[in-house]
2 protein chains.
Amino acid sequence: MWQGGGMSAPSIRARIRAEMIEEIKAVARRHLATEGGNLSLRAVARDLGMVSSAVYRYFPSRDALLTELIIEAYQALGDAAEAGDAAAARDDLRGRWLGVSHAVRAWSLAHPAEYALLYGSPVPGYAAPSETVVPAQRVAFALVQVMIDAAVAGRLAPPDGTPVPPPVRVDLARLLEQRPGALTEEQLARGMAAWSQLFGLVSFEVFGRLAQGVVEDSEAYFDHQMRLMADLAGLPAEPGPSSDPGPAARPGQPASEE
Amino acid sequence: MWQGGGMSAPSIRARIRAEMIEEIKAVARRHLATEGGNLSLRAVARDLGMVSSAVYRYFPSRDALLTELIIEAYQALGDAAEAGDAAAARDDLRGRWLGVSHAVRAWSLAHPAEYALLYGSPVPGYAAPSETVVPAQRVAFALVQVMIDAAVAGRLAPPDGTPVPPPVRVDLARLLEQRPGALTEEQLARGMAAWSQLFGLVSFEVFGRLAQGVVEDSEAYFDHQMRLMADLAGLPAEPGPSSDPGPAARPGQPASEE
DNA sequence: CCCGAGTCGAGAGCACTGCTCTCTGTTTGC
DNA sequence: GCAAACAGAGAGCAGTGCTCTCGACTCGGG
């Protein structure tokens with residue numbers, strides 16, 4: 001943008017600038033982890049040995065810095081979720097489902113302040129920019145993808161119970177157009193139930209609304225709840241017939257990078 | 001405390017003081033509703049025609065004021081939930097279940113800032129005091145109570161699917177001691193799944209993580225999701241045989257006081 | 001009745017915040 | 001080589017939570 005031609009010769013200054021931006025974000029992320037949600041731009045600047053107004057050469061406002069951190073946090077969470085999926089054998093559908101779930105939980109517990117940025121109360125005047133909607137859906141996609149793979153393999157149990165009422169069916173059908181023919185509206189509704197259940201559970205745990213003497217073994221509790229959701233989604237209990245039925249699909253800590 | 005004897009003769013000054021406390025809380029609640037989460041004590045004082053230091057005669061800190069508002073918000077939410085339960089016939093178990101759910105959603109959408117105080121990111125240094133744990137459980141109790149009533153009436157379907165693993169069974173059994181013999185651990189686990197599902201859904205909607213073109217008719221979507229949870233909990237679909245099977249158990253806006 | 005004690009409000013002040021503006025020195029592209 | 005763009009420092013503004021002091025007021029007991 002400010003450099004017309006191709007990406008030739010990053011012109012030392014531009015490279016320094018890019019490094020500076022990364023350094024600011026790194027320090028801000030560190031502050032977020034230690035101090036908590038109310039990020040102080042002045043404190044970040046102080047840690048970098050510069051004065052607060054200098055930071056405004058790189059970010060137009062504190063909210064812009066937060067937005068950058070939010071986007072990168074969505075990426076990191078999405079990466080963790082997909083890594084949790086990839087850690088299981090492709091036909092171990094329930095193992096993949098639990099892999100995604102436990103990866104999301106592990107990342108969230110390891111980065112509570114960033115999780116609060118993503119799924120806590122939105123900051124006062126700040127409105128989530130459009131760049132955040134796509135990465136925000138990666139976790140939901142990861143869960144639904146397991147259901148889709150199960151459906152195309154003919155291993156997704158047909159849902160019983162309450163059918164989807166017409167108005168909801170319209171909304172869900174619109175979502176299903178992106179992945180045509182794979183799932184029914186009933187099945188997608190169950191996948192989205194698992195999705196909101198996942199973040200409800202993680203929010204309770206990260207925000208400390210659960211650990212007050214209610215549940216001791218919170219990981220086992222979480223694992224059981226997500227298995228209930230796997231049942232609800234219609235995922236089969238055992239891996240496919242073409243794979244070794246080893247000790248897969250155990251909770252553990254599937255993925256927790258950094 | 002500062003008045004030794006009984007509660008005789010509130011001594012004008014004490015009455016004025018109590019009124020002042022209520023007035024401060026009322027203005028603070030109004031500010032919370034209009035401005036958002038970051039409550040400014042000085043702005044509240046300004047609205048009351050007093051200077052900020054005067055407010056400290058009534059509340060030792062801003063967090064103390066917030067704590068008061070949090071406790072009262074829990075009470076209001078609990079009242080709404082129980083009113084939503086009471087609006088349905090006692091033996092219309094699914095109607096009561098949905099009544100509680102829709103009442104919680106309606107209150108939360110009507111009081112987003114207070115909801116964020118309860119279920120959003122916890123404020124920086126602030127740790128939820130012990131006065132908040134009991135009122136925070138009222139909603140969960142309201143849901144579980146419907147299941148208990150269904151169980152004693154022999155109308156709660158036995159759960160199938162994944163059994164509760166031993167470590168979780170220990171935690172749940174400890175919770176069940178307060179209501180002995182009514183539910184199995186499997187059933188309580190499903191009730192708590194519905195509980196976290198409820199707040200996961202409401203959080204998504206209140207915090208604007210859902211309405212971005214994903215779901216249009218969010219009330220119908222919520223209703224369907226909570227019916228899925230009623231299925232999961234094992235609640236019967238129809239009211240009991242001793243009641244008229246009229247047009248009950250419809251969504252609507254069961255309770256939304258104030 | 002009156003007077004010390006406790007209460008209340010106002011004001012000034014401290015340390016902090018996000019952000020703007022101006023000024024100086026450096027780097028860049030032509 | 002030079003004008004333009006950029007980077008950092010510093011001062012400053014308006015706002016925040018909170019503390020302290022000081023005068024006015026009210027209350028309860030003698």
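Every chain is numbered from 1 and lettered A, B, ... according to where its sequence line falls, protein lines coming before strand lines.
Among the atoms of the strands shown, only primed sugar atoms or phosphate atoms (P, OP1, OP2) are found under 4.0 Å from some heavy atom of B/Y58.
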What are the atom names and distances for every N/O pair under 3.5 Å that joins the protein to nucleotides 11-18 of chain C?
| unit_1 | atom_1 | unit_2 | atom_2 | d |
| --- | --- | --- | --- | --- |
| C/dG11 | O6 | B/S53 | OG | 2.7 |
| C/dG13 | O6 | B/R42 | NH2 | 3.4 |
| C/dT17 | OP1 | A/S40 | OG | 2.8 |
| C/dT17 | OP2 | A/R46 | NH2 | 2.6 |
| C/dG18 | OP1 | A/L39 | O | 3.1 |
| C/dG18 | OP1 | A/L41 | N | 2.5 |
| C/dG18 | OP2 | A/L41 | N | 3.2 |
| C/dG18 | OP2 | A/R42 | N | 3.0 |
| C/dG18 | N7 | A/R42 | NH1 | 2.4 |
| C/dG18 | O6 | A/R42 | NH1 | 2.8 |

Taking N or O atoms only and anything under 3.5 Å, show me the protein contacts with nucleotides 24-27 of chain D, one pair per line.
| unit_1 | atom_1 | unit_2 | atom_2 | d |
| --- | --- | --- | --- | --- |
| D/dT26 | O2 | B/R13 | NH1 | 3.3 |

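B/Y115 meets the ring-ring contact (aromatic ring centres under 6.0 Å, His included) test with B/Y119, B/F207; sequence neighbours excluded. For the side-chain contact (heavy atoms from CB on, under 4.5 Å) test, residues two or more places apart in sequence or in another chain that qualify with B/A136 are B/Y74. For A/F222, the ring-ring contact (aromatic ring centres under 6.0 Å, His included) criterion is met by A/H102, not counting sequence neighbours. Judged as a salt bridge (charged side-chain N to carboxylate O under 4.0 Å, His left out), and not counting sequence neighbours, the contacts of A/E72 are A/K25, A/R29. Every residue was checked against the salt bridge (charged side-chain N to carboxylate O under 4.0 Å, His left out) condition with B/E177, not counting sequence neighbours, and none meets it. Every residue two or more places apart in sequence or in another chain that forms a salt bridge (charged side-chain N to carboxylate O under 4.0 Å, His left out) with A/R138 is listed here: A/D79, A/E82.
For the pair B/R57 CZ and D/dC18 C1', the interatomic distance rounds to 13 Å; values are reported in whole Å. Between B/R17 atom CZ and C/dT7 atom P there is a gap of 8 Å when expressed in whole angstrom units. Between the C1' atom of C/dT28 and the CZ atom of A/R15 lies a distance of 15 Å, rounded to the nearest Å. Taking atom CD of residue B/E35 and atom C1' of nucleotide D/dG15, one finds them 13 Å apart after rounding to whole Å. Atom CD1 in A/I21 sits roughly 11 Å away from atom P in D/dG8 (whole-Å rounding). If you take CE of A/M50 and P of D/dA7, they are 10 Å apart, rounded to a whole angstrom.
Inspection of the A/Q197 and B/S196 side chains reveals an N or O donor paired with an N or O acceptor under 3.5 Å.
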Name the atoms and distances for all side-chain donor-acceptor pairs under 3.5 Å in residues 47-58 of chain B, with sequence neighbours left out.
| unit_1 | atom_1 | unit_2 | atom_2 | d |
| --- | --- | --- | --- | --- |
| B/D47 | OD2 | B/R30 | NH2 | 3.4 |

